[in-house]
Each structure stands twice: as C-alpha cells, then as structure tokens.
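Report on one structure; see the data block that follows.
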Amino acid sequence: MERQYIGRYRITEELGVGGMGTVVRAVDEVRHRDVAIKLPNEPDPQVISRLQRECDVLAQLEHHHIVQVYGSGSDPDLPFYIVMEYVDGSTVEELLRQQGGRLQPRQALKIALGVAEALAYAHKPPLRVVHRDIKPGNVLIRKSDGVVKVTDFGIAAVLSERAGSTAVGTMAYVAPEQAMGQGADERSDLYSLGALLYEMLTGQRPPRLAVNRASPPSAWPGREPLPPDLAASVDRLTLGLLEGNPNLRRPQRAADVIGELRSMLEGPSAHPASASLSNVSPFAPTERASRPPSSAYPPAPDGPRRSIPPVSSYGAYPPPPMPAPRVPPPMPARPPMPISMPPQPQVIPVVPVVPVGPVIPVVPVVQVVPVVPVIVKPPSSGKATASLVLGIFAFALALIELGGLLGILAVIFGHLALGDIRRSGGRLGGHSSAIAGLIMGYFGIGLALLVFFSLYQR
C-alpha cells in the first residue's frame, strides 16, 4: 500500500488483502497504540451507510473475547474505513493449516468456549448483535496469552451482501435459514459455531446447509481419543448445534453452550490429562503424559494379595499423616430425670354396707355442669359499619339532595367493605351490614334522583 497515513494513523504494515477489503496495521499517534484498519474495496454509498450504523453498534461491545471496534472515519481519498483493536496472533484457519487440518479435542473445545462467551455477551439485550459470519478466519488466538478473540461482528456479512452472494468459503458455516434468505438470529450464530467446532474436531467441514446429517465427531479417527462419556457429550453438543431447523437446534442459547463446554473441560468426567485444560494455550496441542511400559513395573510377590489403597493426588509420595480424630471426653453420668406420668384412674372396690333398720334407698346426685358454647365472632369491618350508617341516613333523608350524597358515600363504603371482607378470607365480619348499606344507599340515590328530576320538570 502506497499511503503512509490514514488520518491520524501511521501505517506500519499490510496484514491481509481479501475480496472485500484490505486490513493494515497502523499506529494511533494520538492514543499511542497499535490498531487494525479495514479498508473496504470500493463500497457504494448504501454499503457505507449501513457499515457506519454497524460500527456505531459494535463500538458498544466491550468484551475480552471480542475484537474492539474503536470507530470509523473517512478522508478525501478514502470514502470509509473501520478502526479496530489490533490482535497479534493467528486465526483458527491458520492453526488448522499448521496442525494438519484438525486440532486436539481439548484445544478445539477451549476455542469454542471463547467464541460462545463472545456470542453470549453480544446476544444479550438491548443490543442483541448477531455476528452472521462465524468461521475460522474470523476467530483470532492472541500469541501472548492464548486469548480467543472474535472479529468482524456483522461487518463481513454486510460486505459479502454487496457482492450479491455469501463470501467464498463461508457457505459451509452459514445456517440454512440464513442462506435461504429467511433472516439470521442468535441461533444462526450457534449453527456457525457448531460448524466451526466440527471442523476443528474432525478436520472436515459439515454437510452444507445441513442437507445430510453429519457423522458424529467421535466417529472420525482422532489423534487423542476421548473417554466414552466425554465423547458422547461432544457428539451431542456438536450435532445439536448443526440441526437444520433452528427450532430444533440445541442448545438454543449461547449461555447454555458455555455451560456444556465448561462441564466438558472442567467436569469430573475429564481424565487427568485435561485437569488443567483451562490453563492450556490454544496455540499448542495438548501433550499426553508419557507412561513407562508395563514391563518397567516389578511383578507382584508371591503370597496372599493385599488390597492396594487408591492413589491420591500426591502422586508417588505418601500423603501426610492425618491427625488422630479428637474424641470428646465421656460425659459424667447424670441421674435419671423423673418422668411425670399423667394420673391414672384408680378403681376403688365398693363394699356393700348392710344397713341396720329400715332400708332407705340412696339416690345418686349427679352434678350437671352446663356447657355454654363460646362463639368467636370475627371483628366487623369499619367500612361496613360506615356503609350501614350512611345508608340509614341516606334512606331517611332521601327526599332531599343530602340523601343522594349520603347514598353515594354508603355505596362506596359498602363496596370497599365487601372487598376487604373478601380478601380477608373470613377474618373480617360485617358482610350483612355492607349489603344493607349498599341497598339503602342505592335506594337513597334513586329516590333523590327521582325528586330532583320531578322538581326540574316543574
């Protein structure tokens, strides 16, 4: 590129040239930082207008897995350019070429986790930004720390639409509903993520537009076989994301994809080689620990077999001695507490007495204790009482205008009282008073209106 400056940005090198634009590395001489500038190839005014709107939205995305868009600009020689965060690293597309077309399973899962976290953040309201072009060329791995960075949120899709078709090499990652012009939503990005994960695991792209069902990733011979339970989880997630019908796609949210990927990487089902996977850089394939051949171990001596204790996380070294458990001193014996038993009825034998003289019959005296029922009456509603009193006055003064006003108040308090009684669940009384107040209130209103209209006609 012949230019040395684009506005305040001093160009240092050309990073890449594609069919839709050129990316250069430059130095922001005001903020003193490296930036990446994308220069679209001869965009028309409609594309420029749409890209400006896209950049205004993308500038609000601030996430450690998303390449930051700083803004856009133009000058007399360039109608439009986009200023972005510069990431010193390699794309997943370059990693696939370097590692023979496929990545180690744990390396692929870690990259997919970074992409899923970026999508989950971008999909959250109120922005709900859909990338629309997740593919290996738009996922960067920073060399310094191995952080996954997703770039070109919405920008590449806008530029590809200018040519009237999807960009070359992208069709394998585009969701069927997006390719058929039915629009793209968050689930379309999840399909593209499934296609990216499938290629990283198998070295093959899934069938385009989900015309045929993809073979499970575990069916492809891999460099490092996964345990059966982990392989089943990987197959279920990958094939679920590659469902052609967006309504049947599983999971439906990027946040759920994050949960499944983390359980695969950090869960108990992972074998010891993946115990520290979260700290492994995606740049280097995961190395498997070498194990000496079985002949290196001495044979077991003759004699009765003894049970071998399980190997702990201390490896070949014995675990430190555990302190003996503290045994609490015996409690002093306490005298048994007397247990009070309820009084038992005693049976007293009755000895008949032979009377001397005339026999006088003894009539037993039965003491009758009257039982007075106690009726607990719920407290009456004050509004019901007020309605009843107002209704009485309204009924009594119905022939004058004051009766109509009191009737209105009686109706209002009556309805309020009925509402309170109904909501109290039986804790308030006064239902009859409220009904009586309502009846007399309505009567007072009606009679007052009748008197008013009769006077008005005269």
Side-chain angles (χ1 to χ4, degrees), residues 1-43 45 47-95 111 114-115 117-119 121-122 127 129-160 162 167 170 281-283:
M1 188 172 181
E2 299 178 356
R3 297 187 54 154
Q4 296 183 351
Y5 278 88
I6 300 177
R8 73 189 196 200
Y9 306 101
R10 177 171 53 85
I11 300 175
T12 57
E13 63 175 317
E14 186 178 274
L15 298 176
V17 180
M20 294 173 295
T22 303
V23 181
V24 298
R25 180 180 179 182
V27 177
D28 186 343
E29 295 190 340
V30 174
R31 297 184 178 271
H32 305 288
R33 63 184 177 186
D34 288 341
V35 296
I37 301 179
K38 174 164 286 191
L39 311 170
N41 293 340
E42 301 177 359
V47 175
I48 291 177
S49 176
R50 185 171 176 186
L51 280 174
Q52 288 175 339
R53 293 194 300 269
E54 290 280 346
C55 290
D56 291 340
V57 175
L58 298 177
Q60 303 179 48
L61 297 179
E62 296 182 3
H63 192 268
H64 62 284
H65 284 310
I66 297 177
V67 174
Q68 178 72 43
V69 174
Y70 296 138
S72 59
S74 61
D75 61 19
D77 298 327
L78 287 174
F80 184 77
Y81 58 88
I82 305 167
V83 184
M84 301 178 294
E85 172 191 1
Y86 170 71
V87 179
D88 184 15
S90 302
T91 64
V92 173
E93 186 177 11
E94 294 169 343
L95 288 180
I111 294 174
V115 177
E117 290 180 354
L119 293 178
Y121 171 80
L127 294 179
V129 177
V130 180
H131 191 288
R132 295 175 288 180
D133 198 24
I134 293 291
K135 61 180 180 180
N138 284 336
V139 180
L140 294 165
I141 311 297
R142 192 161 57 191
K143 290 181 180 178
S144 60
D145 51 8
V147 171
V148 178
K149 291 278 189 177
V150 180
T151 186
D152 274 359
F153 259 89
I155 296 174
V158 174
L159 293 176
S160 65
R162 174 177 174 270
T170 307
S281 170
F283 270 107

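Since the structure is predicted, the reported quantities are computational estimates derived from the model, not experimental observations. Residues: numbered from 1 along the sequence shown.
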Taking only Lys NZ, Arg NE, NH1 and NH2, and the carboxylate oxygens of Asp or Glu, determine whether [X] and [Y] approach each other closer than 4.0 Å.
{"X": "E29", "Y": "R8", "answer": "no"}
{"X": "E14", "Y": "R25", "answer": "no"}
{"X": "D75", "Y": "R3", "answer": "yes"}

Does [X] use its side chain to pair, donor to acceptor, with the backbone of [Y] at less than 3.5 Å?
{"X": "H64", "Y": "A118", "result": "no"}
{"X": "H131", "Y": "D152", "result": "yes"}
{"X": "Q68", "Y": "A59", "result": "yes"}
{"X": "E94", "Y": "T91", "result": "yes"}

So do the side chains of [X] and [Y] get within less than 4.5 Å of each other, counting heavy atoms only?
{"X": "E93", "Y": "K135", "answer": "no"}
{"X": "L15", "Y": "Y86", "answer": "yes"}
{"X": "I111", "Y": "I141", "answer": "yes"}
{"X": "Q4", "Y": "I11", "answer": "no"}
{"X": "V35", "Y": "V27", "answer": "no"}
{"X": "V148", "Y": "L140", "answer": "no"}
{"X": "Q60", "Y": "L127", "answer": "yes"}

**Prompt:** Nearest heavy-atom pair of V23 and A36: which atoms, and what distance?
**Reply:**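 Between these two residues, the closest heavy atoms are CG1-CB, 4.3 Å.
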**Message:** Give me the atom names and distance for the closest heavy-atom approach of R31 to D28.
**Reply:**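 So the minimum-distance heavy-atom pair works out to N-OD1, 3.3 Å.
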When rounded to the nearest 0.5 angstrom, what is the spacing between [atom1] in [X] and [atom2] in [Y]?
{"X": "Y121", "Y": "I66", "atom1": "OH", "atom2": "CD1", "result": "6.5 Å"}
{"X": "R53", "Y": "L58", "atom1": "CZ", "atom2": "CG", "result": "12.5 Å"}
{"X": "I37", "Y": "I6", "atom1": "CD1", "atom2": "CD1", "result": "4.5 Å"}
{"X": "R142", "Y": "K149", "atom1": "CZ", "atom2": "NZ", "result": "5.0 Å"}
{"X": "Y81", "Y": "S72", "atom1": "OH", "atom2": "OG", "result": "8.5 Å"}
{"X": "C55", "Y": "M84", "atom1": "SG", "atom2": "CE", "result": "8.5 Å"}

**Prompt:** Stepwise, does the side-chain contact (heavy atoms from CB on, under 4.5 Å) test hold for V67 with V150?
**Reply:** CA-CA 6 Å; V67 174; V150 180; over 6 Å; no
**Message:** If you apply the rule side-chain contact (heavy atoms from CB on, under 4.5 Å), what do you find for L119 with F153, and how did you get there?
**Reply:** CA-CA 10 Å; L119 293 178; F153 259 89; 4.2 Å; yes
**Asked** Can you pull the salt bridge (charged side-chain N to carboxylate O under 4.0 Å, His left out) pairs that have at least one residue in residues 56-69, sequence neighbours excluded?
**Response**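 Every pair satisfying salt bridge (charged side-chain N to carboxylate O under 4.0 Å, His left out) with a residue in residues 56-69: there are none.
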**Prompt:** Does the cation-pi check pass for R33 over Y70, that is, NZ or CZ under 6.0 Å from the six-membered ring centre and within 45° of its axis?
**Reply:**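 Positive - R33 is close enough to the ring of Y70 and near enough to its axis.
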**Prompt:** Can V57 and V129 be said to form a side-chain contact (heavy atoms from CB on, under 4.5 Å), step by step?
**Reply:** CA-CA 8 Å; V57 175; V129 177; 3.6 Å; yes
